[in-house]
There are 2 protein chains.
Amino acid sequence: MKLLNVDLGERSYVIHIGAGLLQEAGRLFAEKGIPHRSPLMIVTDRHVAKHHLAPLRQSLEAAGYRVCEAVVEPGEKTKSLDMLNSLVATALENGLDRHSTIVALGGGVVGDLAGFLAASYMRGIPFVQVPTTILAHDSSVGGKVAVNHALAKNIIGAFHQPLMVLYDTSTLSTLPEREVRAGLAELLKEGLIWNREFVHWFDEHAEALLALDADALREALYQGCKVKAHVVSQDEREGGLRAILNLGHTIGHALEAVAGYNELLHGEAIAIGMVGAAKLSIRLGYPEAETVYRETKRLLQKLGLSVSIPAHYDTEAIMSAMMHDKKFKEGKMVFVVSPEIGRVEIRSDIQPDWVREIIEQLKRED
Amino acid sequence: MKLLNVDLGERSYVIHIGAGLLQEAGRLFAEKGIPHRSPLMIVTDRHVAKHHLAPLRQSLEAAGYRVCEAVVEPGEKTKSLDMLNSLVATALENGLDRHSTIVALGGGVVGDLAGFLAASYMRGIPFVQVPTTILAHDSSVGGKVAVNHALAKNIIGAFHQPLMVLYDTSTLSTLPEREVRAGLAELLKEGLIWNREFVHWFDEHAEALLALDADALREALYQGCKVKAHVVSQDEREGGLRAILNLGHTIGHALEAVAGYNELLHGEAIAIGMVGAAKLSIRLGYPEAETVYRETKRLLQKLGLSVSIPAHYDTEAIMSAMMHDKKFKEGKMVFVVSPEIGRVEIRSDIQPDWVREIIEQLKRED
């Protein structure tokens, strides 16, 4: 098991990464001082519940906890105020009080939803994240929790740090292959923004990661979480530095919005977005940007990911989605660009026309 | 104008109290550094809008702000996730971004709702409170914001401190007389828990307050806010001390729950609850408790408030509502009691039977 401390002053917490942590949950909860007198509530989705709910529940109950559960439908649509309303009813019916802890068992959707439940129930109670996807390494560091509105994604939320994170790499074996690839793309992103050595390591271990080798996963999740934890600890409320984590997200979010939430996985959209950001960096004249572009593309393709925008996506619809994104300041386009591998910059002087051109090019990328 | 600083470190803010502040809002916003580039959104209710929306809006617009508005129905029912959903739509449609400020113009309902909108929109944007009721002196200090759930009041919320509070005493002249009396009861509560001299002052100025004399109101709101600010600044997240603010609230909340939200005003319920707390203090054997009881009752009656529980309220329903209240620890009843005027204690050893008896007595109180 590897431990990573996310340093946020009195809101600091530890990420535990290793195989078999679900079975250790009860002991770890007790060691963390989570009280036994108030019930816990596990929030998970139907797919994850099938494989991982029973062992987690058993471990917690064996340690003397009273546990209730809420099993939601998988998918972005679950992240709604309606679902929050329903989870609050479940919490009240099961007597959750201020000393209760919410346990988010699942990927980013469950983490966001259960995290916002914890942030807002009785004005905030603790929660523990138990991520079951690779992508969730991202949402499990930083405390950003939210639900969607019909008009915008993640628009209603909070910053609410977990009490701890239990990252059981064994749970990743039940992930569909497509989600593995997409999750690895987002892990690679952490290297691309901050850690050149991790990118080299990633290159060498891509096959092991795709094969879900436990040691490789533990190391990769540790390194990925470490980058994010480092950035977040310097900028908890997203004032500045934290924006570098959005490499690939400006185009990526727009693609997700145009695709509808189910056609493209988040990591797949971000993968294309990172290639776009590299192309933009070339355009901006950074001498190393060609290398960034070539390597980003090669590594993503090594993971089996597409780096081109599906040709039927409407360019103007993508542009328009970007204009509605939160990541714009005073009408100008803000972009995270990649001057070299392991380092990014935030540019706020990006001409929409350059981006339009790159989107067109990405449709022909291969 | 009187200024009161609420000392919460980097979340500190100033409460401005005085006549005519609506007309000063634009200037005060600009002085506070609220940016002009992003739109403001005023949230208010239909009753308040009639009298006070236009002057506030004009003042803000005259200072160069773009302003949009959302006018909701008055009453507790408005504090819902559905309404939050609708306000988020309004915010998005009007282009509110992270630099926008929400302006809560109204009483506690508007403050709670608009405050939770501000706490959760884009994971938190600033808000300014412009209270238009006496009771709102309470909700305008402390940052507690929330909406209701069908099963529980104020159960979904956050701690979110305003950027500043503009308390225009002129707006109080449009309050129905019943709300004036109820609001004054809650102001008196601040004295009863913390400031014996303010209780004496209150006694001497009760007529002036009922007549909405501007000087008397300014002083009373200042003193009331000061008590609350002092307590909150020592216990922002309601860990301990802050509970003393709940004098009268254990019984009061239960009465509200049994009455339905419209039959008893909050201040009316708290008034009865404070008399109940004084009776409980006598039962606990505090030597000065008889005086507390007599004075509390006399002052509330001077304000024209009833101090008895309507006879048709079911005692067991009241008891049961108390058992569901958040203010219970491990099954025991927690009560704020009044050993002497200007000082309270929190007791967690209260027998339900004592409370039952007092509720029966309060039905015969006159």
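Residue numbers start from 1 in every chain, and the chains themselves are labelled A, B, ... in the order their sequence lines are given, proteins ahead of strands.
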Are A:R123 and B:N154 close enough that some pair of their side-chain heavy atoms sits under 4.5 Å apart?
yes
Is there side-chain contact between B:I155 and A:Y121, with heavy atoms separated by less than 4.5 Å?
yes
Under 4.5 Å heavy-atom distance to chain A, tell me which part of B:A158 shows up: side chain, backbone, both or neither.
backbone
What part of B:V145 is in contact with chain A, defined as an atom under 4.5 angstrom from a non-hydrogen atom: side chain, backbone, both or neither?
backbone
Within this structure, what is the CD1-CG distance for the pair A:I156 and B:L117, rounded to the nearest 0.5 Å?
8.5 Å
How long is the straight-line distance from CG of A:N85 back to CG of B:N85, given to the nearest 0.5 Å?
11.0 Å
Heavy atoms only, distances under 4.5 angstrom: which of B:A91, B:A89, B:A146 has the most pairs with chain A? Name it, please.
B:A89
Ranking A:S120, A:G124, A:S38 by heavy-atom pairs under 4.5 Å to chain B gives rank one to A:S120
Heavy-atom closest pair, residues A:A152 and B:L92
CB-CD1, 3.8 Å
Heavy-atom distances under 4.5 Å only: say whether A:A119 touches chain B with side chain, backbone, both or neither.
backbone
Check for a donor-acceptor pair, side chain of B:H149 on one end and backbone N or O of A:V88 on the other, with a separation under 3.5 Å.
no
Please list, chain by chain and in numerical order, all residues satisfying salt bridge (charged side-chain N to carboxylate O under 4.0 Å, His left out) with B:R66, sequence neighbours excluded.
none
